[in-house]
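Accompanying notes for the structure given below.
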Amino acid sequence: MTPDDLAIIIARVLNELVASGRLAQFEFGEVVVERPKNREHGDWATNVAMQFAGKAGLKPREFADILAPALEAVEGIESVDVAGPGFINITLAAGAAGSIAKQIVEAGASFGLGDALKGISMNLEFVSANPTGPMHIGGARWASVGDSLARILQSQGAKVTREYYFNDHGAQIDRFARSLLAAARKEPTPEDGYAGAYIEQIAQKVLDGTAEDILALPEAEAQEAFRAAGVELMFGEIKTSMHDFGVDFDVFFHENSLYESGAVQKAIDRLRELGHIFEDDGATWLRSTTFGDDRDRVILKSDGEAAYIAGDLAYYLDKRSRGFDRCIYMLGADHHGYVNRMMAMCAAFGDTPGVNLEIMIGQLVNLVRNGEPVRMSKRAGTVVTMEDLVDIVGVDAARYALVRSSINSMVDIDLALLEKKTNDNPVFYVQYAHARTKQVAVNALSLGVDTSEFEPALLNHPSEEELLAKLIEYPRITAGAAELREPHRVARYLEEVAGAYHRWYDNCRVTPISGGEVETVHRTRLWLNSAAGVVLNNGLGLLGVSAPERM
RNA sequence: GCCCCUAUAGCUCAGGGGAUAGAGUGUCGCCCUCCGGAGGCGAAAGCGCAGGUUCGAAUCCUGCUAGGGGCGCCA
């Protein structure tokens with residue numbers, strides 16, 4: 001019996017009590033069933049008496065005293081107590097909790113899947129770093145969080161497309177191209193250009209990769225040649241480093257294509273039809289203040305060039321036309337000022353901000369070494385890239401360290417700590433627990449413990465009750481992480497599962513002590529051991545972290 | 001000046017209005033005669049400040065303080 005089962009039972013009993021006149025008619029909301037922190041408060045507890053008593057014209061204790069006996073009569077419930085201000089504490093019958101172990105094992109990879117997002121087509125755009133330099137740590141955070149979120153949303157039935165937006169149009173790319181050209185000519189970096197060893201390397205690669213003598217071309221043609229080839233090289237590097245990080249995008253979208261296809265002009269025309277465009281000072285504006293922005297926005301500058309937002313208008317429209325019900329953008333904190341105008345744009349197109357368009361703002365990552373901030377400078381060549389991070393700690397540890405915190409929190413990544421490759425990183429704690437489940441199973445099998453028997457009532461040690469209760473929560477955790485767009489909940493939960501598993505391992509043997517008889521309890525525990533392995537494996541899978549069989 | 005995020009144990013961070021606020025790490029003390037000690041058990045140690053809402057606030061609201069980020073016809 002799971003807490004969700006209990007919630008359904010409680011709702012049913014409440015309806016019956018109302019129908020029979022024991023409770024006055026009242027409208028009740030969601031029934032919350034939680035694991036009490038204190039085990040003396042039973043296996044599960046609900047606060048419905050405190051939530052609904054007022055609506056039913058009763059005091060919480062009175063309400064609880066009516067509900068509790070009715071619940072106690074339900075099959076599988078051992079006892080029900082009313083405590084404190086009106087908590088209803090439920091203790092399950094022996095075996096009612098343990099049966100879940102077998103269900104988990106039999107469900108296997110499908111344990112934890114849900115259908116809350118079934119049929120919803122979602123577009124997740126993340127990373128989208130400019131192709132003008134190596135991937136930085138901030139991009140790595142989004143790669144980790146975005147890909148994990150995609151996996152979690154998929155687990156709840158959503159149809160998810162991972163998308164990367166290449167800003168390969170506009171002034172930054174021009175600066176990038178000029179910088180490459182200058183480097184190839186051994187000239188100093190242009191004013192406001194990009195510097196660094198990587199620029200020289202790319203410039204050299206461009207030269208090596210073309211038969212003709214680019215440097216002999218006229219200025220404009222040479223710059224264009226470096227732009228095209230340089231950007232292509234950067235695309236390749238970004239795709240490779242993302243893939244090596246376990247992140248494979250379904251769509252790499254090129255900003256430039258929006259201009260070449262006329263999509264930008266169409267988007268502006270559409271807004272003009274809707275009456276949200278005006279001209280002033282020789283520029284074309286979006287009247288975004290109509291939709292809550294704090295000022296109107298220029299979309300075509302007075303010199304005729306498109307402002308950055310023009311591409312976003314067309315891009316959003318393009319996503320919607322491709323059938324995405326929900327477009328989720330993941331942006332760094334340095335772009336939070338962009339949220340209002342994006343939401344205004346969404347509303348201007350007639351969509352619903354917050355539904356069709358969601359924007360997640362992630363705080364920046366601080367790199368520190370022994371607690372001291374690491375100063376990063378492209379010029380000084382002290383930029384720490386995503387690849388550096390992976391080289392130091394590996395993909396699993398890097399992804400895990402970046403996904404286990406809320407995106408609302410600034411995260412400190414301490415290089416000195418990670419370089420030690422010690423067990424400071426909790427990912428090892430979780431992975432070790434998984435490896436242990438595998439090795440215990442191997443060992444058990446070799447000693448003749450099989451799965452021919454399952455007697456859930458034997459899973460009655462406190463540490464097995466705790467482990468079972470923790471495992472049962474998994475579907476709720478994944479559903480909650482999907483709904484709230486918070487992958488870190490899965491990581492934190494897995495750490496709790498690992499802890500519960502280690503404590504159980506310490507208390508309850510799956511194999512008999514040497515020379516001992518294999519008993520039903522050992523076979524039953526093998527099921528529980530496997531159930532823990534399933535949850536750890538499934539959960540790590542949602543985070544894009546490997547679940548090794550040995551370490 | 002305005003906007004966003006943050007403030008919880010020595011440190012890094014969890015904590016969706018509920019009962020005695022958790023984990024990792026660090027410190028101190030234990031457990032190697034048995035399935036992996038990358039583990040377990042115990043101890044010390046905390047909600048920035050002031051109000052408010054509520055039966056109940058780390059959580060919601062207001063103000064203050066402190067830190068990070070952002071407020072272009074830049075991208």
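What you see is a predicted model; the values in this text were computed from it and never measured. Proteins get letters first, then strands, A, B, ... in listed order; numbering begins at 1 in each.
Rounded to a whole angstrom, the distance from the P atom of B:rC61 to that of B:rA23 is 28 Å.
The distance between atom CG of A:D168 and atom P of B:rA75, rounded to the nearest whole Å, is 14 Å. Straight-line distance from the CE atom of A:M343 to the P atom of B:rC4: 14 Å, rounded to whole Å. Between the CD atom of A:E34 and the C1' atom of B:rG16 there is a distance of 9 Å, given to the nearest Å.
By the 5.5 angstrom centroid cut-off and the 30-degree plane limit, A:Y308 is classified as not stacked against the base of B:rC74.
Other residues, nucleotides and ligands place no more than 12 heavy atoms under 6.0 Å from the CZ atom of A:R550.
Between A:E358 and A:R485 there is a salt bridge, since at least one side-chain N of the basic residue sits less than 4.0 Å from a carboxylate O of the acidic one. A salt bridge is absent between A:E483 and A:R476; no separation between the charged side-chain nitrogens and carboxylate oxygens falls under 4.0 Å.
Applying the 4.0 Å criterion to OP1 and OP2 of B:rA14, one finds that A:S409 has a side-chain N or O inside that range. Residue A:R476 places none of its side-chain N or O atoms closer than 4.0 Å to OP1 or OP2 of B:rG16. Dashed line: the shortest gap from a side-chain N or O of A:K470 to OP1 or OP2 of B:rA23 is not under 4.0 Å. Contact check, A:N443 against B:rG36: a side-chain N or O comes under 4.0 Å of OP1 or OP2. Between A:H488 and B:rG15 there is a side-chain polar atom (N or O) within less than 4.0 angstrom of OP1 or OP2. For B:rG36, neither phosphate oxygen OP1 nor OP2 lies less than 4.0 angstrom from any side-chain nitrogen or oxygen of A:R509. Neither OP1 nor OP2 of B:rG15 sits under 4.0 Å from any side-chain N or O of A:K37. For A:Y429, a side-chain nitrogen or oxygen approaches OP1 or OP2 of B:rG40 to under 4.0 Å.
A:F235 and A:F252 have their aromatic ring centers separated by at least 6.0 angstrom.
Using a 4.0 Å heavy-atom distance criterion, A:A283 is classed as a base contact.
Looking at A:N89, its side chain comes within 3.5 Å of the base of B:rA19 through a donor and an acceptor atom. Interface remark: the A:N38 side chain does form a donor-acceptor pair with the B:rU20 base, using a distance-only criterion of under 3.5 Å.
For A:R489, the listed nucleotide lying nearest its side chain is B:rG15; candidates were B:rC5, B:rG36, B:rG15.
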